[in-house]
Amino acid sequence: MPSVTQRRTDDSGTDDHAADLVALFEAHVDGVYTVAYRIVWNRADADDVAQATFLKAFLNLERLRDRDRARAWLYRIAYREAISVIRRRRDTPVDPADLPEPVDIWTPEAAVEARQLAMALDEAVGQLPVSLRAAFVLRDIEGLPMADVAATLDIGGSAAKMRVHRARAQLRTILQEVFDDLRRAG
Amino acid sequence: MTCDELAEGLTDFLEGQLSRSETDAALAHLAGCPNCETVLAQTQAVIDAGRLHGRVRLNTEHRAGLLASILDGDSP
């Protein structure tokens, strides 16, 4: 199978696309991976989603007219790939021991409270329905404007705002005990 | 503004989407309602937690492996 750079070179006759892909990857891989992982909630599927996202993006790079829109464009692809994975997963039972597989994002010096809150958030986000999880990830983790959240989820602005609202409310309820602990410790 | 009205408009409040008069009414309600003040503070804490701790940061090895797979054109 030809490599993605070979396919691009064959299509365009130029060989500078590998540099384009690497630049796109380096600039956005953490964000794309976050969208993928937070939605599919395990590392193996997140790897597949991130890989498929960048492959599709690179093979369709000419559709990205405004490079300033690359982030929202990539997140939209990643969201669709993640939803496809979840739909496939429904048809294929997964060994519960494989889920969730945490991603090691910790530095040894991370403050105990920050670590406690972040670990609780990991669990809490995973408990949300996928539709609310995606809205929270896009708006509050990745900081997309609400209009881009709506476009990524392919819903209207009011519906996007409602999903973000519900996600925050559910997370507040789930994290209530952690907030109380931190307040008492505090 | 009532507690229910504030709860309904909380996202608009946090997103700065309320009108000036609605914002003033929300602030006036919050000043006299400890319960709503707690809800607001905890909602803001959820948002802050997402922004501070939600992003996954791949280590160097993971990044390199992923990029290599993409450049090789491996289909997941």
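What you are looking at is a predicted structure, and each value in this text was computed from that prediction instead of being measured. Chain identifiers are assigned alphabetically (A, B, ...) following the order of the sequence lines, protein sequences preceding nucleic acid strands; residue numbering begins at 1 within each chain.
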Drop me the distance from [X]'s [atom1] to [Y]'s [atom2], to the nearest 0.5 angstrom.
X       : Y       : atom1 : atom2 : value
H62(B)  : D47(A)  : NE2   : CG    : 3.5 Å
I70(B)  : L55(A)  : CD1   : CG    : 6.0 Å
I47(B)  : R139(A) : CD1   : CZ    : 8.0 Å
L21(A)  : L67(B)  : CG    : CG    : 6.5 Å
R168(A) : Q44(B)  : CZ    : CD    : 8.0 Å

[X] vs [Y] side-chain heavy atoms within contact, under 4.5 Å:
X      : Y       : value
L71(B) : F25(A)  : no
V46(B) : F136(A) : yes
Q42(B) : L175(A) : no

How close do [X] and [Y] get, heavy atom to heavy atom, and via which atoms?
X       : Y      : result
T34(A)  : R55(B) : OG1-CG, 3.3 Å
A50(A)  : L66(B) : CB-CD2, 3.9 Å
F179(A) : A45(B) : CE2-CB, 3.5 Å

Same apolar cluster: [X] and [Y], side chain cutoff 4.5 Å:
X       : Y      : value
I86(A)  : V35(A) : yes
I174(A) : L40(B) : no
V56(B)  : V40(A) : yes
L52(B)  : Y33(A) : no
V149(A) : F13(B) : no

Whether E8(B) and R166(A) form a salt bridge (side-chain N of Lys/Arg under 4.0 Å from carboxylate O of Asp/Glu) is what I want to check. no
Are any of the side-chain nitrogens in R51(B) or E142(A) under 4.0 Å away from the carboxylate oxygens of its partner?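 A salt bridge is absent here (no side-chain N lies under 4.0 Å from a carboxylate O).
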Where the side chain of [X] meets the backbone of [Y], is there a donor-acceptor pair that is under 3.5 Å apart?
X      : Y       : result
D30(A) : L58(B)  : yes
T11(B) : K161(A) : no
R38(A) : G54(B)  : yes

Identify which of L10(B), D48(B), V39(B) forms the greatest number of heavy-atom pairs closer than 4.5 Å to chain A.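 The residue among L10(B), D48(B), V39(B) with the greatest pair count is V39(B).
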Carefully, step by step, assess R63(B) and E26(A) under the rule salt bridge (Lys or Arg N to Asp or Glu O under 4.0 Å). CA-CA 9 Å; R63(B) 253 175 194 256; E26(A) 292 295 344; 2.6 Å; yes
Does a donor on one side chain sit under 3.5 Å from an acceptor on the other, for D12(B) and H165(A)?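 No, H165(A) and D12(B) have no side-chain donor paired with an acceptor closer than 3.5 Å.
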Under a 4.5 Å heavy-atom cut-off, does chain A meet the side chain of Q17(B), its backbone, both or neither? neither
Does any heavy atom of chain A fall under 4.5 Å from the side chain of A41(B), the backbone, both, or neither of them? neither
Would you be so kind as to tabulate the donor-acceptor pairs closer than 3.5 Å made by side chains of residues 23-35 of chain B, with sequence neighbours excluded?
unit_1, atom_1, unit_2, atom_2, d
T23(B), OG1, S19(B), O, 2.8
H29(B), ND1, M1(B), O, 2.9

Counting only non-hydrogen atoms closer than 4.5 Å, does M146(A) touch chain B with its backbone (N, CA, C, O), its side chain (CB onward), both, or neither?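 Looking at M146(A), just its side chain touches chain B.
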